[in-house]
*Asks:* 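Submitted below is the structure of interest, expressed as structure tokens.
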2 protein chains.
Amino acid sequence: MEAPALPLDTILIGDCVAELEKLPPASVDLVFADPPYNLQLQGDLRRPDQSLVDAVDDAWDQFESFSAYDAFTRAWLLQVRRVLKPTGTLWVIGSYHNIFRVGATLQDLGYWILNDVVWRKTNPMPNFRGRRFTNAHETMIWAARGADSKGYTFNYEALKAGNEDLQPRSDWLIPICSGGERLKGGDGRKVHPTQKPEALLARVLLSASKPGDVVLDPFFGSGTTGAVARRLGRRFIGVERDRDYAAAARARIDAVTPEAHDAIVAAPAKREAARVAFATVVERGLVKPGQRLVDERGRHEALVRADGTISNGTVVGSIHRIGAVVQGREACNGWTFWHVPGPAGLVPIDSFRDALRAEGA
Amino acid sequence: MEAPALPLDTILIGDCVAELEKLPPASVDLVFADPPYNLQLQGDLRRPDQSLVDAVDDAWDQFESFSAYDAFTRAWLLQVRRVLKPTGTLWVIGSYHNIFRVGATLQDLGYWILNDVVWRKTNPMPNFRGRRFTNAHETMIWAARGADSKGYTFNYEALKAGNEDLQPRSDWLIPICSGGERLKGGDGRKVHPTQKPEALLARVLLSASKPGDVVLDPFFGSGTTGAVARRLGRRFIGVERDRDYAAAARARIDAVTPEAHDAIVAAPAKREAARVAFATVVERGLVKPGQRLVDERGRHEALVRADGTISNGTVVGSIHRIGAVVQGREACNGWTFWHVPGPAGLVPIDSFRDALRAEGA
DNA sequence: CGGGAGCGTGAATCTCCAT
DNA sequence: TATGGAGATTCACGCTCCC
């Protein structure tokens with residue numbers, strides 16, 4: 001009996017497990033999956049200006065329990081593993097709400113993790129209540145079918161050449177999807193609540209697939225995977241339950257102009273802005289807690305604290321804030337204002353920042 | 001029966017589950033855990049000739065290995081949860097080999113994840129074979145005892161002040177432990193294979209504990225947690241099975257000089273400042289009854305009443321309530337919203353509260 | 001057409017105390 | 001334990017509007 005043909009460059013409408021069951025085994029080169037994160041949000045969240053955050057409260061993200069989510073995860077991971085070629089690999093993206101469960105489940109099913117890759121966001125949503133760290137990253141797991149998998153695609157040389165001849169690392173700095181790239185409906189509202197940036201998908205496809213490869217996305221959503229696949233000369237298969245999402249994705253992909261064949265190489269990574277905090281200078285021991293800082297003319301002084309704040313004896317705050325306070329000004333650049341007294345004279349604390357930047361470069 | 005005393009600033013020699021069982025419940029403020037990655041897996045999955053066992057087709061063997069690791073993880077996480085105070089939090093560090101299993105297990109046990117934090121290494125070990133991304137990070141999970149946990153320590157203001165007045169993010173850039181900080185034995189070889197950098201522990205303790213807090217490390221190893229705890233004025237309890245590690249850690253910690261008290265006391269957060277009622281401001285005559293209040297743009301106004309309430313002409317209520325009412329909003333911080341018009345411009349009523357606080361200090 | 005102020009918004013498990 | 005009120009809390013961008 002003839003194997004069913006692959007529905008290339010197609011969006012299949014339906015539940016991903018049911019749709020994947022119809023695909024032939026060992027037929028897909030790469031899978032990118034952005035499953036529901038199972039967020040468990042309590043009430044409304046408001047910004048400090050009282051505006052309401054548009055939360056992800058869609059029905060597709062609701063699960064009864066962890067075990068219900070685990071069963072769902074296991075089911076789609078099993079089907080994905082079936083349709084993956086022996087040389088194929090899987091990427092899954094998630095946040096701390098779900099990624100640990102996904103990772104444990106895929107290990108249980110025999111997948112072999114190659115890397116976990118951190119997507120660092122240049123512009124994450126801030127933490128409005130100041131009770132946690134700003135959630136500034138998401139996690140991707142890159143896995144082969146099994147521990148003995150050989151021959152998977154990893155375009156190491158191209159990635160290295162595009163990264164100033166440095167090895168590609170497991171942490172990627174990429175902005176979130178916004179501006180013109182973000183799909184909007186006729187009402188001006190976003191089409192999909194969690195549209196991923198094309199730059200992220202581009203780096204995934206350029207890292208772990210070749211032109212002509214078949215890329216499957218079982219949670220197609222607004223179709224970023226399809227749009228990037230088409231642009232980069234890959235074939236795609238999308239599965240999406242929601243007809244509105246699928247229609248928007250189809251229109252989006254049809255509007256994509258594929259890159260010329262010789263242009264499909266890894267783009268050079270953007271040079272990362274080296275922002276150094278004073279807390280880091282203290283943390284690394286370049287300036288010690290308890291150190292006395294003075295201004296250039298010796299009129300003002302302050303003491304360094306272990307957490308990278310400084311104190312003028314009455315107020316504790318940042319190097320900038322305290323610099324402003326002691327001068328009775330609105331603002332002050334603490335990096336140039338404060339100095340460490342030494343045997344050879346005053347050393348501006350900015351010089352320690354330079355040292356850290358040089359080290360990071 | 002009297003509760004057993006806490007063995008403060010002590011290294012307990014033994015299995016961590018057995019040793020934790022001896023500690024009283026709800027007695028520890030912070031736990032930092034650096035558990036073994038693959039307790040049994042590594043040995044079990046390699047043949048004597050070091051070739052990999054075909055784990056994909058040998059589900060039984062694989063299940064056994066992961067299952068044993070999960071049981072171990074569950075056991076120590078349960079004990080840690082027992083000894084944590086209701087306001088206490090847990091940090092666990094791991095890599096993709098184990099962190100997904102640890103994360104899923106701690107969620108199953110009822111812990112509530114606050115953040116996952118990525119330790120980005122400035123100088124990771126390169127990937128020699130060019131078949132994966134350079135593994136340039138490790139993952140930490142920060143979790144409270146449960147979803148309803150309140151009152152955990154997070155020194156938000158200090159972290160923000162030490163970070164260029166920007167709120168702290170979930171991705172941290174810190175070098176690996178090397179150079180003089182790395183403990184070496186008499187033979188010049190490293191004492192412990194996975195010694196963590198003190199800068200990492202310092203940021204954990206400065207983020208989520210206060211001076212005098214009790215910090216427990218159930219996998220004490222070379223004692224980085226204890227050394228940093230001592231330096232930053234925290235108490236520690238370490239548990240370590242290996243006597244050599246424990247001895248090296250003890251010597252290391254004894255050589256640590258604690259920071260001066262001024263350098264480590266937490267900066268007072270605004271939310272912890274003494275409460276001042278607006279009625280007190282009126283009572284003291286800083287704002288007179290009958291005074292007209294306006295918002296920053298002069299769009300809204302209200303009149304002060306002798307009892308510390310204000311009125312917009314139709315409704316009487318607190319500065320917060322009336323601020324919300326005039327804007328048609330759910331909530332409003334009246335202290336920053338309302339101003340007293342003066343010859344030199346608008347004076348926020350918050351400044352009168354500051355004056356009373358300064359007077360009380 | 002340029003520049004700047006102002007506004008909108010993003011996968012979010014986002015308070016604490018007194019009664 | 002549940003409820004209600006006080007009051008603390010945001011960063012990077014892209015877009016619109018106005019001068």
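Lettering follows sequence order; numbering is per chain, from 1.
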*Asks:* Flag the pair L77(A) / L90(A) as yes when at least one side-chain heavy-atom distance between them is below 4.5 Å, and no otherwise.
*Replies:*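 The answer is yes, as the side chains (C-beta and beyond) meet within the 4.5 Å cut-off.
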*Asks:* Could you tell me whether G94(A) contacts a base, only the sugar-phosphate backbone, or nothing, with contacts defined as non-hydrogen atoms closer than 4.0 Å?
*Replies:*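 It contacts nothing in the nucleic acid.
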*Asks:* For S318(B) and dA6(D), is the shortest distance between a side-chain N/O and OP1 or OP2 below 4.0 Å?
*Replies:*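 For dA6(D), OP1/OP2 do have a side-chain N/O of S318(B) under 4.0 Å.
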*Asks:* Under 4.0 Å: is that the gap between some side-chain N or O of T336(B) and OP1 or OP2 of dG7(D)?
*Replies:*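 It does not, given that no N or O in the side chain of T336(B) lies less than 4.0 Å from OP1 or OP2 of dG7(D).
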*Asks:* From C-beta outward on E157(B), which listed nucleotide comes closest to its side chain: dT9(D), dT9(C), dA6(D)?
*Replies:*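 Output: dT9(D).
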*Asks:* Please compare G179(A) and M125(A) by the position of their nearest nucleotide in DNA chain D and report the one closer to 5'.
*Replies:*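 Residue closer to the 5' terminus by nearest nucleotide: M125(A).
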*Asks:* Counting only side-chain N and O atoms of N333(B), is one of them less than 4.0 Å from OP1 or OP2 of dA8(D)?
*Replies:*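 The answer is yes; a side-chain N or O of N333(B) sits under 4.0 Å from OP1 or OP2.
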*Asks:* For dA6(D), does either OP1 or OP2 sit under 4.0 Å from a side-chain N or O belonging to H320(B)?
*Replies:*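 No.
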*Asks:* Please determine if a side-chain N or O atom of K160(B) lies less than 4.0 Å away from the OP1 or OP2 oxygen of dT10(D).
*Replies:*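 So the side-chain polar atoms of K160(B) do come within 4.0 Å of the phosphate oxygens OP1 or OP2 of dT10(D), strictly under.
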*Asks:* Is it the case that the base of dA11(C) and the side chain of K196(A) share a donor-acceptor contact (distance under 3.5 Å, atom types as modelled)?
*Replies:*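 Yes.
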*Asks:* Please check the phosphate of dT10(D) (OP1 and OP2 only) for any side-chain N or O of Y156(B) closer than 4.0 Å.
*Replies:*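 Result: yes.
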*Asks:* Under 4.0 Å from OP1 or OP2 of dG6(C): is there any side-chain N or O of R297(B) that close?
*Replies:*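 It does not, given that no N or O in the side chain of R297(B) lies less than 4.0 Å from OP1 or OP2 of dG6(C).
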*Asks:* Using 4.0 Å as the upper bound for N to carboxylate O, is an ion pair formed by D54(A) and K190(A)?
*Replies:*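 Between D54(A) and K190(A) there is a salt bridge, with a charged N closer than 4.0 Å to a carboxylate O.
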*Asks:* Can a side chain N or O of R129(A) be found less than 4.0 Å away from OP1 or OP2 on dC16(C)?
*Replies:*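 So the side-chain polar atoms of R129(A) never come under 4.0 Å of the phosphate oxygens OP1 or OP2 of dC16(C).
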*Asks:* Taking only the side-chain nitrogens and oxygens of R275(A), find out if one of them lies under 4.0 Å from OP1 or OP2 of dA12(D).
*Replies:*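 Yes, within the criterion.
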*Asks:* Any side-chain N or O of K190(A) less than 4.0 Å from the OP1 or OP2 oxygen of dG10(C)?
*Replies:*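 So the side-chain polar atoms of K190(A) do come within 4.0 Å of the phosphate oxygens OP1 or OP2 of dG10(C), strictly under.
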*Asks:* Considering every strand and a 4.0 Å limit on heavy-atom distances, what is the contact class for R329(B): base, sugar-phosphate, or nothing?
*Replies:*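 Touches nothing.
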*Asks:* Please determine if E330(B) and R46(A) form a salt bridge, counting it only when a charged side-chain N lies under 4.0 Å from a carboxylate O.
*Replies:*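 Salt bridge: no.
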*Asks:* Identify whether the distance between the nearest side-chain nitrogen and carboxylate oxygen of D108(B) and R101(A) falls below 4.0 Å.
*Replies:*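 Judged by the 4.0 Å cut-off on N to carboxylate O distance, D108(B) and R101(A) do form a salt bridge.
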